[in-house]
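Okay, structure first, notes after.
Quick note: residue numbers are just sequence positions, from 1. Bear in mind that the values here come from a model prediction, so they are computed numbers and not experimental data.
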Amino acid sequence: MWWKSLPDPQPGLVLLTMSLHTTAQSLVSLAAEPGHEGGHASLSPYLTGGGAFCILLLLLWITTRFNRDR
């Protein structure tokens, strides 16, 4: 079999593997740390979302103006 003919890794080389469970565990512990409650206090999510929506509508309008042949 082809995988048996592969050379062994170097003696000092450590291969790191993470499973889905350990990845999820580390992300949950990172999210649960105190002091990470969100962004800046004056940053409104409604204002940010509304601004992004307006920018996307503007880009859509610009795209349709340059594509008049369809």
_Given I55, which partner from the list L59, L57, L58 fulfils the side chain to side chain contact (heavy atoms under 4.5 Å, CB included) test?_
L59

*From CH2 (W61) to CZ (F66), nearest 0.5 Å*: 8.5 Å

*Enter the distance from N67:CG to I62:CD1 here, rounded to the nearest 0.5 Å.*
13.5 Å

